[in-house]
Amino acid sequence: MQKERSAHIDQQTLDSWQADGVVLLKGVFTPWIDSLASGVAALMDNPSEYGHARTVIPKDGSAPFFQDYCNWSRIPEFEDFVFHSAAAEIAAALMQSQTARFFHEHTLVKQPGGSTVTPWHHDQPYYCVSGQQNVSFWIPLDPVAEPTSLRCIRGSHRWEAEYSPTRFNGTKLYDHARFHTLPDIDAHEEDYDIVSWALEPGDAVAFHFRTVHGARGNHTARSRRVFSARWVGDDAAFAERGGVTSPPFPELTLRDGEPLISTLFPQVWPRG
């Protein structure tokens with residue numbers, strides 16, 4: 001099978017992605033930042049039911065951590081990005097997939113002074129999808145200093161274990177015990193190859209659904225608005241997780257192992 005390529009990224013970036021499960025993409029989405037920022041403002045003015053449920057209100061009285069997802073079909077700026085930016089083409093190249101299907105978007109806004117920490121986790125067990133061809137683009141809409149940026153463990157996408165998804169209150173997403181308990185990474189950071197970058201609007205961190213990642217609170221005086229776009233490739237299949245996934249996608253009627261083909265997940269690449 002011919003490997004997918006993109007004029008937006010070079011072979012070294014592709015090689016780093018395959019080896020590390022995370023890579024920095026400089027300036028690839030700069031033309032879209034103003035539009036995405038307008039979309040985020042509209043979303044925060046009118047959150048979905050998920051936004052009301054998932055926004056974290058710290059007990060210490062500091063600023064909320066706003067989250068919302070699965071709004072691309074009602075926020076025109078998000079839909080425009082999904083179908084007309086280079087994201088699908090870049091995703092296919094990184095995934096080494098003939099196709100790129102849009103999974104969902106996730107808006108994450110850590111307001112100035114917010115104490116909420118994003119705990120270490122990897123995403124795939126939260127999701128209703130299996131397969132190795134996948135990628136998330138973490139796209140900041142504000143300058144992000146390294147201490148408040150996304151932190152990823154290089155090579156963790158190749159770890160055999162899958163770790164139990166937890167909510168921000170510390171409870172498990174699923175009642176069963178199919179998944180492992182994540183090691184105490186904070187207590188042994190020297191044992192892990194942790195990478196993070198200072199970022200400018202238009203940069204993106206691309207990472208695999210199985211890459212372990214987290215982020216500190218935002219103790220700066222500037223908002224940290226992030227638009228995250230998530231993609232799957234040729235091998236994506238529906239995964240029955242034994243509970244309500246995050247996002248939940250209640251409309252899906254697929255069976256475990258069936259291809260993840262649904263109007264909820266439009267195929268964007270190749271174009272047309």
Side-chain angles (χ1 to χ4, degrees), residues 3-37 39-40 69 72 77-78 80-110 118 122-124 132-158 193-215 224-233 268-271:
K3 289 187 176 182
E4 289 297 313
R5 295 188 180 275
S6 169
H8 301 277
I9 52 176
D10 58 20
Q11 187 61 47
Q12 182 178 355
T13 300
L14 293 174
D15 293 343
S16 294
W17 158 258
Q18 292 292 329
D20 298 340
V22 58
V23 72
L24 171 63
L25 306 176
K26 289 293 295 181
V28 290
F29 299 124
T30 301
W32 293 91
I33 295 306
D34 290 344
S35 176
L36 288 174
V40 168
Y69 49 34
W72 65 267
E77 293 89 347
F78 294 177
D80 193 25
F81 176 86
V82 169
F83 286 97
H84 299 114
S85 76
E89 178 186 348
I90 295 171
L94 289 172
M95 296 186 296
Q96 293 298 277
S97 173
Q98 297 295 307
T99 62
R101 189 174 293 275
F102 189 64
F103 187 40
H104 69 279
E105 98 295 329
H106 190 174
T107 298
L108 310 104
V109 181
K110 288 191 174 181
T118 304
H122 59 183
D123 290 337
Q124 194 147 22
Q132 290 298 318
Q133 291 172 305
N134 57 66
V135 63
S136 288
F137 295 132
W138 196 87
I139 307 166
L141 309 182
D142 305 288
V144 177
E146 190 275 334
T148 58
S149 190
L150 185 71
R151 308 175 76 206
C152 295
I153 299 179
R154 282 192 283 221
S156 57
H157 67 308
R158 298 186 184 277
D193 186 4
I194 298 172
V195 63
S196 61
W197 296 275
L199 303 169
E200 294 296 324
D203 297 345
V205 178
F207 64 97
H208 193 277
F209 288 2
R210 288 178 63 96
T211 296
V212 175
H213 60 282
R224 198 213 68 179
R225 298 172 297 169
V226 170
F227 179 84
S228 189
R230 295 162 180 169
W231 302 82
V232 295
V268 184
W269 187 262
R271 306 284 187 204

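Positions are given from 1 along the sequence.
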Working to the nearest 0.5 Å, report the span between CG of L94 and CD1 of I9. 4.0 Å

Sorted by chain and number, sequence neighbours left out, side chain to side chain donor-acceptor pair (under 3.5 Å) with H8 holds for none

With no hydrogens and no angle check, is any side-chain donor or acceptor of H213 less than 3.5 Å from a backbone partner on T211? yes

Looking at residues at least two apart in the chain, or sitting in another chain, which of them share a salt bridge (Lys or Arg N to Asp or Glu O under 4.0 Å) with D34? none

How far apart are the closest heavy atoms of S156 and I153, and which atoms are they? OG-O, 2.7 Å

Is T148 close to K110 at the side-chain level, that is, under 4.5 Å between some pair of heavy atoms? no

Sorted by chain and number, sequence neighbours left out, salt bridge (Lys or Arg N to Asp or Glu O under 4.0 Å) with R230 holds for none

For R151, what residues pass the side chain to side chain donor-acceptor pair (under 3.5 Å) criterion, not counting sequence neighbours? E189

Name all residues meeting the side-chain contact (heavy atoms from CB on, under 4.5 Å) criterion together with P270; count only those two or more places apart in sequence or in a different chain, and write none if there are none. T99, Q267

Set of residues satisfying ring pair (Phe, Tyr, Trp, His ring centres under 6.0 Å) with respect to W32, sequence neighbours excluded: F81

Take V22 and W138 through the test side-chain contact (heavy atoms from CB on, under 4.5 Å) and record every step on the way to the result. CA-CA 11 Å; V22 58; W138 196 87; over 6 Å; no

side-chain contact (heavy atoms from CB on, under 4.5 Å) between W269 and S97: does it pass, once the steps are laid out? CA-CA 10 Å; W269 187 262; S97 173; over 6 Å; no

Any sub-3.5 Å donor-acceptor pair from S149's side-chain atoms to W197's backbone N or O? yes

Tell me, please, which residues at least two apart from S196 pass side chain to side chain donor-acceptor pair (under 3.5 Å). E146

Paired with N134, the side-chain contact (heavy atoms from CB on, under 4.5 Å) test is passed by just one of W231, F209, F207, namely F209

Exercise: identify the closest heavy-atom pair between Q124 and R210: OE1-CG, 3.0 Å

Contacts of type salt bridge (Lys or Arg N to Asp or Glu O under 4.0 Å), residue R101, not counting sequence neighbours: none

Within the structure provided, determine whether V40 and F78 are in side-chain contact (heavy-atom separation under 4.5 Å). yes

Find the distance between OH (Y69) and CG (L108) and round it off to the nearest 0.5 Å. 11.0 Å

Do F29 and F137 have their ring centres less than 6.0 Å from each other? yes

Between F83 and F102, is the gap from one ring center to the other below 6.0 Å? no

Non-neighbouring partners of S16 that pass side-chain contact (heavy atoms from CB on, under 4.5 Å), sequence neighbours left out: Q12, D20, V23

Under the salt bridge (Lys or Arg N to Asp or Glu O under 4.0 Å) test, residues paired with D142 that sit two or more places apart: R225

Taking side chain to side chain donor-acceptor pair (under 3.5 Å) as the definition, give me every residue that meets it alongside D203, ordered by chain and number, with sequence neighbours left out. K26

Worked verdict on E105 versus V82 for side-chain contact (heavy atoms from CB on, under 4.5 Å): CA-CA 9 Å; E105 98 295 329; V82 169; 5.8 Å; no

Check A88 against R271 and note the closest heavy-atom contact, atom names and distance. CB-NH1, 4.5 Å

Starting from the C-alpha separation in whole Å, work towards a yes-or-no answer on side-chain contact (heavy atoms from CB on, under 4.5 Å) for L24 and L199. CA-CA 9 Å; L24 171 63; L199 303 169; 3.3 Å; yes

OG on S228 to NE2 on H104, rounded to 0.5 Å: 7.0 Å

Which residues satisfy the ring pair (Phe, Tyr, Trp, His ring centres under 6.0 Å) test with H157, sequence neighbours excluded? H208

For M95 and Q18 the tightest heavy-atom approach is C-NE2, 4.5 Å

4.5 Å side-chain heavy-atom contact, V135 and W17: yes

